[in-house]
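A short worksheet on the structure shown next.
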Amino acid sequence: SPGRAILNGAGARRPEHSLWPHMPILARVVWADTGEEEWIETTAMGWAGDLVYVDMRRTDYGVNACWLHAEDVRRRSAT
């Protein structure tokens with residue numbers, strides 16, 4: 001079954017730039033089914049323009065990755 005829909009997601013595209021190693025971030029996700037906002041500790045895998053490609057595989061939401069606007073992403077320390 002498909003994962004939960006993300007209301008503030010920015011659609012699919014190919015990353016123009018990859019981040020290796022992936023950058024630790026906090027990602028603000030707004031779930032379409034409930035409208036609830038959640039901050040998730042994860043990593044950024046790449047970016048394109050003002051969009052950030054966010055790894056969601058470590059969550060139990062059934063979504064592998066999503067695109068978020070840079071304003072919905074905050075860097076966090078790697079510790």
Side-chain angles (χ1 to χ4, degrees):
S1 68
R4 292 177 70 185
I6 298 172
L7 191 60
N8 64 322
R13 63 180 0 194
R14 178 179 218 166
E16 294 173 8
H17 308 279
S18 295
L19 292 169
W20 189 257
H22 296 165
M23 179 184 299
I25 61 165
L26 287 172
R28 184 181 79 91
V29 174
V30 180
W31 298 108
D33 57 346
T34 63
E36 291 182 29
E37 175 182 296
E38 182 175 0
W39 284 91
I40 298 171
E41 288 189 18
T42 186
T43 57
M45 300 185 294
W47 80 94
D50 71 339
L51 300 177
V52 180
Y53 195 46
V54 177
D55 184 356
M56 299 288 285
R57 292 175 291 191
R58 294 187 189 139
T59 67
D60 59 353
Y61 304 121
V63 178
N64 288 328
C66 68
W67 283 100
L68 295 175
H69 293 277
E71 63 198 31
D72 291 325
V73 174
R74 304 285 182 264
R75 286 186 187 200
R76 63 181 173 88
S77 67
T79 58

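Not measured: the values here are computed from a predicted model.
- Grouping Ile, Leu, Val, Met, Phe, Trp and Tyr residues whose side-chain heavy atoms lie under 4.5 Å apart, directly or via other members, places Val30 in a hydrophobic cluster with Leu7.
- Annotation for Trp39 and Asp72: closest pair CZ3-O, 4.0 Å, computed over non-hydrogen atoms.
- The two residues Trp47 and Ser18 have their closest heavy-atom pair at CZ3-O, 4.4 Å.
- Atom CH2 of Trp67 is separated from atom CG of Asn8 by 14.5 Å, given to the nearest 0.5 angstrom.
- Minimum interatomic distance between Ala44 and Val52 (heavy atoms only, all atoms of both residues): CB-CG1, 3.6 Å.
- Here the CD1 atom belonging to Ile6 is positioned 10.5 Å from the CG atom belonging to Asp33, to the nearest 0.5 angstrom.
- To the nearest 0.5 Å, atoms CG (Leu26) and CD (Glu38) are separated by 11.5 Å.
- Once rounded to the nearest 0.5 Å, the distance linking CD1 of Ile25 with CE of Met45 reads 9.0 Å.
- Closest approach of Gly9 and Leu68 over heavy atoms only: CA-CD2, 4.2 Å.
- One finds the CD atom of Glu71 at 7.5 Å from the CZ atom of Arg28 (value rounded to the nearest 0.5 Å).
- The minimum heavy-atom distance linking Ser77 with Pro24 is given by the pair O-CB, 4.0 Å.
- Nearest heavy-atom pair, Met56 versus Thr42, reported as atom, atom and distance to 0.1 Å: N-OG1, 4.4 Å.
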